[in-house]
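For reference, the structure discussed in these notes is given below.
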Amino acid sequence: MDKSLHFTVCVLTALLLLRESSQADAEPARSRGKEDWLCVPPCQEDPYVMVRGAELEGYCMELLAALAGMLRFQYRVRVVADGQYGAVAAGGNWSGMIGEILRREADMAVAPLTVTSAREEVVSFTTPFLQTGIGILLRKDTASQDMSFFHFLSPFSKETWTALLFAYLLTCFCLFLVARLSPCEWNEPKNEENHFTFLNSLWFGAGALALQGATPRPQAFSVRVIAVVWWLFTLALLAAYIANFTALLSSGSEQLPIQTFEDLVKQRNLEFGTLEGSSTFYYFKNSKNPIHQMIYEYMEKRREHVLVKTYQEAVQRVMDSNYAFIGESISQDLAAARHCNLIRAPEVIGARGFGIATSQASPWTKPLSIAVLKLRESGDLDYLRNKWWESSCLQERWGPLEPPALGGLFLTLGIGLALGILAALKSCCSVFTEEICTRLRIKGAARQSQETSGKANA
């Protein structure tokens, strides 16, 4: 009995030792203190990796430190040699970070590396730590269309303005008609005097539109009911107009003539391109969408002129020339936050994510995916996103209005003043003419009376 028990204990101990040994062999450098090579973006790309003195900082560096703290591994950072993210060359070999992982020159790549099917076939990706898409980066002064001289009419459509004019005239006519039918509006029925003439009714309705009191004041109950309903209508109408006009003046995207990729293809003022060898370029190459195919053909024919090598070069080219950059929307949001003269077009296509790339045989893929999920659930990824994408342009959202935005208002004011002066001059001329005619008639009558008296005396 004792021998059998001793044998069982020995077998269990041996099994435990073998299990620990196999786990130690399969476990990465966590227990052996090995330093893993980690690829970072091909150059110092804001905000993922930036040089501050002798150290590197940025979103990817903080993410890497958080993952190392959770999984307890050591690492060294090395910039990828050829400065590329990873694309298939003519001979079938991969360049950039993907190529270094395949050649076992690096264990993993922590970078804004887009997860694509082609890359997934040769390497493994973790759960995406950032979600993005493909957008269009533009410069505001080259992308914004000129404001109409009557931009103050833009809050309402032509149909709405037509309906408003019809409602105004109909209401004023109803005021005039009801006032004529109501005995209370007649001061002296025998004299047939009524203050609510049609012109006075128009004046009363216009005063309500401007939230100003206007005479004549309604006396009859029926006229007051129509007046109250018109006041409520104008109050709601003015609230809607002010809200829409404020939104139009404060928002830049509504004035963008390039809202979609179709608009980008149809225009002829801006050149457009993307990063050479990037996943965005191959997205348009493999897409069956006719618009996307037109974009690819345009970039392919002019690749030496419209394709850029780095993201910094793309942003600088957008700022310096008539160029639109097609790339990751999340990076374009950062560029628009850092450079207040840039803006991203509203449409975003090709939803995708940034993941950490490892070799297919790496034991780190699943632990890294779980760690990324934990960081997302705890809100740490949102904190990093808000920290490194903080905008410096928030104070400039409500910028000064350009003259064309309110030019129509000044023109309307000028026309109104001119009409008032012309009406006054017409009245003065009428009075002056009447006065002259009166004086001439008086002189003529006096001369005639003198002649008559002279003849009588003779």
Side-chain angles (χ1 to χ4, degrees), residues 41 45 48 84-88 98 111-121 125 127-140 142-145 251-303 306-311 313-315 317-318 322-339 342-355 357 381 385 389 391:
E45 183 174 336
Y48 302 103
Q84 298 293 325
Y85 286 98
V88 183
I98 304 298
L113 193 61
T114 306
V115 181
T116 63
S117 59
R119 291 171 177 172
E120 188 73 46
E121 290 179 356
F125 280 97
T127 300
F129 56 86
L130 275 178
Q131 298 295 332
T132 183
I134 300 176
I136 308 171
L137 185 65
L138 308 160
R139 197 171 76 245
K140 290 182 179 179
T142 58
S144 298
Q145 61 186 2
S251 177
S253 62
E254 284 77 2
Q255 283 96 43
L256 286 179
I258 300 177
Q259 299 273 341
T260 64
F261 285 88
E262 184 176 359
D263 297 334
L264 182 64
V265 172
K266 291 180 178 179
Q267 59 82 38
R268 292 295 180 266
N269 297 326
L270 298 178
E271 296 179 325
F272 54 87
T274 186
L275 288 175
E276 184 178 4
S278 64
S279 61
T280 301
F281 179 81
Y282 289 100
Y283 173 86
F284 289 100
K285 180 180 180 180
N286 300 325
S287 176
K288 303 300 181 182
N289 188 304
I291 299 298
H292 299 171
Q293 281 296 309
M294 293 174 64
I295 293 176
Y296 167 72
E297 292 173 1
Y298 174 89
M299 294 189 297
E300 181 65 26
K301 291 179 181 179
R302 302 167 176 81
R303 61 181 305 130
V306 300
L307 297 184
V308 293
K309 302 294 184 183
T310 64
Y311 179 75
E313 178 186 351
V315 174
R317 186 168 177 180
V318 172
N322 293 336
Y323 181 78
F325 173 62
I326 303 174
E328 302 293 347
S329 61
I330 193 169
S331 300
Q332 294 176 350
D333 290 339
L334 176 73
R338 301 294 169 83
H339 306 282
L342 300 182
I343 190 172
R344 180 176 61 81
E347 185 182 29
V348 176
I349 62 175
R352 54 185 63 192
F354 292 156
L381 291 183
R385 172 71 165 80
W389 270 259
S391 176

Closest approach of Thr274 and Phe325, non-hydrogen atoms and distance? CA-CE1, 3.7 Å
Ile134 side, atom CD1; Tyr283 side, atom OH - distance, nearest 0.5 Å: 5.5 Å
Whether Glu328 side chain and Ile330 backbone form a donor-acceptor pair below 3.5 Å: no
Checking Glu297 now: which residues fulfil salt bridge (charged side-chain N to carboxylate O under 4.0 Å, His left out) with it, not counting sequence neighbours? none
Test item: Arg344 side-chain N/O and Ala336 main-chain N/O as donor-acceptor pair under 3.5 Å: no
Roughly how far, to the nearest 0.5 Å, is CE of Met294 from CG of Leu264? 10.5 Å
Smallest separation among heavy atoms of Ala335 and Leu342, with atom names: O-CD1, 4.1 Å
Side chains of Phe125 and Leu113 in contact at under 4.5 Å (non-hydrogen atoms): yes
Ring centroids only, cut at 6.0 angstrom: are Phe281 and Tyr296 within range, meaning strictly under it? yes
Side chain of Tyr323, backbone of Ala314: donor and acceptor closer than 3.5 Å? no
Quick one: closest heavy-atom pair of Asn322 and Asn269, and the distance? CB-O, 3.7 Å
Can you list everything that forms a side-chain contact (heavy atoms from CB on, under 4.5 Å) with Asn289? Sequence neighbours excluded, please. Ser287, Ile291, His292
Using a 3.5 Å distance criterion without hydrogens, assess whether the side chain of Tyr311 forms a donor-acceptor pair with backbone atoms of Gly327. no
Aromatic plane relationship, Phe261 with Phe284 - under 30° parallel, 30 to 60° tilted, over 60° perpendicular: tilted
Within a strict 4.5 Å, meaning less than it, do heavy atoms of the Thr280 and Leu275 side chains meet? no
For Ala337, does its backbone N or O pair with a side-chain atom of Trp389 as donor and acceptor, under 3.5 Å? no
Got a donor-acceptor contact below 3.5 angstrom from the Ser329 side chain to the Gly133 backbone? yes
Of all the heavy-atom pairs spanning Gly86 and Ile98, show the shortest one and how long it is. CA-CG1, 3.9 Å
Between Gln332 (side chain only) and Ile136 (backbone N and O only), is there a donor and an acceptor less than 3.5 Å apart? yes
Arg317 versus Val306, closest heavy-atom pair with distance: NH1-CA, 3.9 Å
Parallel, tilted or perpendicular: which fits the ring planes of Phe354 and Tyr48, with parallel below 30° and perpendicular above 60°? perpendicular
Taking all atoms of both residues into account, what is the closest heavy-atom pair of Arg139 and Val318, and its distance? NH1-O, 2.9 Å
So how far is it from Glu300 CD to Gln293 CD, rounded to the nearest 0.5 Å? 11.0 Å
So the salt bridge (Lys or Arg N to Asp or Glu O under 4.0 Å) pairs with at least one residue in residues 276-289 (sequence neighbours excluded) are Glu276-Arg303, Glu276-Lys309
